[in-house]
Amino acid sequence: MTVKSENVKLFTEKAELVSAVVSEVSSLAEAYQYTIDLCGKKEACKLLVSGCEEALSDKADALCETKFGKTIAAPALNKKQFSALEKQCVENGFQLLKDGLRKHLGGIDIGFTFADHGIAETGTIVLNSRSEELRIATMISEVHVAVLPKSKIVADSYALESYMEECMRSCDYTAFITGPSRTADIERVLAIGVHGPLELHILLLEDK
Amino acid sequence: MQDAKSFKEYKTQVREALGDDFLRTAMDNFAIAYRASRANAFKEIDDKALIKDIAEAKACSTANMDELYAQFKEEAEKNGAVVHLAADAQEANEIIARIAKDENCTKIVKSKSMTAEETLLNHHLEAENLEVVETDLGEWIIQLRHEGPSHMVMPAIHLSRHQVSDTFTDATGKKQDADIQKLVKVARRELRQKFTEADMGVSGCNFAIAETGTIGIVTNEGNARLVTTLPRVHVALMGLDKLTPKLHDALRVLRALPRNATGQAITSYVTWITGSNECAVAEDDRKKVHFVFLDNGRRALAKDPVFAQVLQCVRCGACANVCPVYRMVGGHKMGHIYIGAIGLILTYFFHGTDKAKNLVQNCINCGACKEICAGGIDLPGLIKEIHARIQDEEGHPLSSALLGKMMKNRKLFHKFLRIAKYAQKPVAGNDGFLRHLPMIFAPDHDFRSLPVVAEVPFRDMWAKVKPAKTANPKYKVAIFSGCVQDFVYPEQSVATVESMRGKGVELEYPMDQSCCGLPLQMMGEKVAGRDVAIQNMEAFENSDCEYILTMCASCASHLKHNYPKMLGHDPKYAIRVQEFADKVIDYSSFMNDVVGIYEADFRQTKGDKVTYHAPCHLCRGLDVKAAPRELMVKAGLEYIECAEEEVCCGFGGTYSVKFPKISEQLLSKKMHNVEETRAEVLLTDCPGCVMQLRGGANKNGLDIEVKHVAELIAERRK
Ligand code: SF4
Ligand code: SF4
């Protein structure tokens, strides 16, 4: 697949419009570094952004206390990739998880994934999430970092029809994700992160 | 939830809603912000063409509903899902409760589903001792408060942050701030804990794709992804109208749905689920998946030639967003469970005549919903149709039946209008307004002054004002004056004649014309309305005119669009009525686009500062937007655009008699916007609007003249 620069440009513009953070990386190593840096800067246990400091019912409060230290979940990495990222996590005192994410429903700091496609028209990433771990990682993490190869960006959703239909021939769970989780249910005031991630970082990977 | 027992009780509730200042301000802000964000979202897309495609595709799915269901079931079951079909709400609820029992589930988390609201699923499940928690923020709030949704997309739009903080204080047992960002985070943590415990998830569904047995769910919060992932059982409840042949159809709707709903290009999440997916806490690692389809009258509806289009609705909620009545009274008074224009209609089909009979009267027929409906549904037309059906089922109120009887007989009707001239004598002021209102209107109608009936109706002046025959007329035109211009404001018709002086227009006035019949349609008097239509059509058939000119926007759109709808199926009238309708044209379009009038035709002195009110039936009913504005500028008038120029003035003919309080509020808003322009004259293209606006200006002591465009054009002609 070739990279269409107008698609990349439009994708970036549209994703940023819905408060996704879009950056370019030239290699996976750079993507790992980005993730480690982000995790380092992020408030850890206090989970300031997500609201552990709020007055909660006792049961909800108890769930918060299941979370220790900083965690990154990266269920989609292969062995080699995983150990590369793990090395850096250990150096920084973060925990890197590959599976068993149901034990971490109290919260994960960062979910790290590879997007399958990008849709320029709306700044959407398309993530095939048949793997339950992958689904959980992108839903309960406070920050979602997705690596998207530039060549995988198409103009609009119609361009993905045959790809998606192929997926849908057997059991499948495909997600369109556009910006972080949001709501405007109270007085129509926009609030980010009501259920899913509070931040979405998209790392556009330069294809060879 | 709207469930007033009588029309009187309903009106009392409406009045209470009008007094809710928080609601009113919230709705106003929303209406204005929505218009801007929708326009922005559709900037790069031809919305009309897209909506047309969606409507056609949905109509096709509706026609093939049974086949699509069979195909969906087969495909979904191949991939391990179980597909059910429930005949009605009760059965759907029972199926879901049974699944919970069979699978040993006790704690249910739910994401948003209007269909589950329709069946009152939560009540049923709770009665079966199951715990159900709504996880969509708005739905959770109203669940905690034991209320119904006030909007299809924003169910808690009627509540303030303070009310929400009180509700959360009760729910958590901890004092909560009224800070929205904090409240949202509290909800996140509270609901997350509910997710960890739940063994069953219930979701709605936006698309059911038959080809692959896939469902699509559109959300912003992401709760539907948790609902369909964490618990070991997933049940999706959906109406049969969600069935669609292919993914492409769903993607097409997806282009319009979020843009129309909230002005977003797309929602944060769209989830496509096929079959039974991996689930670590389930037996064999596979989730138990059940798709429950609800009929509840949909299959019968699909076969109804008039109402099948109701199933084209994609539940974007936009018809509420633009509705001036919704804006005044909020969702709980503008629907039973489904809200807004579509709510008025669906209430009748899903919840019965009793719940619908008051609601369907609360539409002012402004057409704002029809113009933006993502499913291309003729919402106001269907609302009127239901009103008529209910009157046929339950008997016509005396006033409406009498009106029907009288108007069917043109001579009797016109005699009545002539007598009215004398009857009003004791109360008529010499400023053209009634000093006191006749008893039938008092006291709710005191918000505007009503005009007196003119000394001489236009039809009696015709012989005098009629222009001399031109040798070689360029345009042969027959005037349709409508009752108001005939009997109340004949000067507007006279001005019309004046304004086209020397332009080669040959005019005639067929004397057998009567009321256009729109008031009859508004009152649900279909049969009388049809009779009047035939009379009018025949009145013009003796003329060899090329144009039927009407200066009343409401008459024009009724003649042009509703006559063919009323008579078009009848082979006796089909061709004739189409010929008639094709000739109908409104004043501004005729002058600006047909006659071709130029700056040079007008006096060169400086014209007045004017602003404009766009009549609903002109700007939307006939899609005429540029003509009147261009005409004003050509005539040398200084035109200042008014805020919300295309929003209804609240006249709505008989509507303002039924719901005077709403009419009053719409008018006062209009007057406020007009005042802001500091114009000297307010122009419009419809005598009904003139009546409403002039009455409002008079009552409010506003120093502004209100005129029909034709009057100023005539004045400014050289
Ligand atoms: S026609 Fe106007 S008043 Fe009636 S439902 Fe539609 S938007 Fe509301
Ligand atoms: S009727 Fe039309 S505008 Fe109203 S919710 Fe349905 S699709 Fe949207």
Side-chain angles (χ1 to χ4, degrees), chain A residues 14 17-18 49-52 54-64 102 105-107 119 121-124 130-133 135-136 138-140 157-158 161 164-165 167-189 191 193-197, chain B residues 26 30 79-80 135-138 141 154-157 159-161 164 171-176 180-193 195-196 212 214 220-223 225-226 229 247-248 251 254 262 265-281:
Chain A
K14 295 293 178 184
L17 263 184
V18 289
V49 274
S50 69
C52 253
E54 305 306 341
L56 301 176
S57 69
D58 299 340
K59 261 179 131 179
D61 221 15
L63 181 65
C64 283
R102 275 181 183 269
L105 298 181
I119 302 173
E121 190 184 40
T122 47
T124 302
R130 288 184 178 192
S131 142
E132 184 182 63
E133 300 289 2
R135 251 178 285 153
I136 296 177
T138 61
M139 288 178 211
I140 62 165
S157 63
Y158 292 155
E161 247 168 74
M164 287 177 63
E165 278 172 347
C167 293
M168 290 170 176
R169 254 176 254 277
S170 47
C171 293
D172 183 64
Y173 198 114
T174 295
F176 285 5
I177 301 176
T178 314
S181 157
R182 62 181 60 220
T183 186
D185 272 353
I186 306 178
E187 294 189 10
R188 291 191 315 108
V189 172
V194 54
H195 285 289
Chain B
F30 171 48
N79 286 317
T135 62
D136 173 86
L137 177 60
I141 295 169
M154 291 158 287
I157 192 171
L159 296 170
S160 74
R161 64 190 77 191
V164 175
T172 57
K174 304 274 164 64
K175 177 84 192 112
Q176 300 294 343
I180 293 176
Q181 303 299 333
K182 285 189 176 175
L183 289 167
V184 169
K185 277 153 200 163
V186 169
R188 176 186 172 102
R189 306 306 296 191
E190 293 292 334
L191 291 170
R192 180 66 62 82
Q193 188 269 326
F195 279 117
T196 63
T212 49
T214 301
N220 271 318
E221 299 185 0
N223 56 322
R225 310 175 72 218
L226 290 164
T229 296
L247 173 67
H248 186 79
L251 293 175
L254 193 56
T262 51
I266 192 168
T267 50
S268 301
Y269 301 102
V270 183
T271 304
W272 307 95
I273 302 173
T274 313
S276 150
N277 278 280
E278 193 180 285
C279 178
V281 290

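This one's a predicted model, so the numbers in the text were calculated from it and none came from an experiment. Note: hydrogens, waters and symmetry copies are ignored here, and every other heavy atom, side chains too, is used.
Residue contact with chain B, scored on non-hydrogen atoms closer than 4.5 Å, involves the backbone and the side chain of A:I140 alike. Looking at A:V194, the atoms closer than 4.5 Å to chain B (heavy atoms on both sides) sit in the backbone and in the side chain alike. With a 4.5 angstrom heavy-atom cutoff, A:P180 touches chain B only via backbone atoms. The contact between A:T124 and chain B is made entirely by side chain atoms (from C-beta outward), counting heavy-atom distances below 4.5 Å.
When B:V164, B:L226, B:T262 are compared by the number of non-hydrogen pairs under 4.5 Å with chain A, B:L226 comes out ahead. Each of B:T271, B:I141, B:T214, B:T229 has some count of heavy-atom pairs under 4.5 Å with chain A, and the biggest count is that of B:T229. Top candidate by heavy-atom pairs under 4.5 Å with chain A, chosen from B:G222, B:G173, B:S160, B:G80, is B:S160. Ranked by heavy-atom pairs under 4.5 Å with chain A, the first of B:I180, B:L183, B:L254, B:T135 is B:I180. The candidate from B:T196, B:L159, B:L191, B:I266 with the greatest count of non-hydrogen atom pairs under 4.5 Å with chain A is B:I266. Between chain A and the residues B:H248, B:M154, B:Q181, the most heavy-atom pairs under 4.5 angstrom are made by B:H248.
The line from CG of B:N220 to CG of B:D136 is 9.5 Å long, rounded to the nearest 0.5 Å.
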Quiz item: Yes or no on side-chain contact (heavy atoms from CB on, under 4.5 Å) for A:M164 and A:F176, after CA distance, side-chain angles and deciding distance?
Solution: CA-CA 11 Å; A:M164 287 177 63; A:F176 285 5; 3.7 Å; yes

Self-check item: Chi angles and distances behind the salt bridge (Lys or Arg N to Asp or Glu O under 4.0 Å) call for A:R102, A:E132
Solution: CA-CA 10 Å; A:R102 275 181 183 269; A:E132 184 182 63; 2.8 Å; yes

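Side-chain contact between B:N277 and A:R135 is present, with at least one heavy-atom pair separated by less than 4.5 Å.
Contacts classified as salt bridge (charged side-chain N to carboxylate O under 4.0 Å, His left out) and involving residues 170-185 of chain A (residues at least two apart or in different chains) are given here: A:R130-A:D172.
Taking B:T172 as the reference, A:S57, B:K174, B:Q176, B:V186, B:E190 meet the side chain to side chain contact (heavy atoms under 4.5 Å, CB included) condition, with sequence neighbours excluded.
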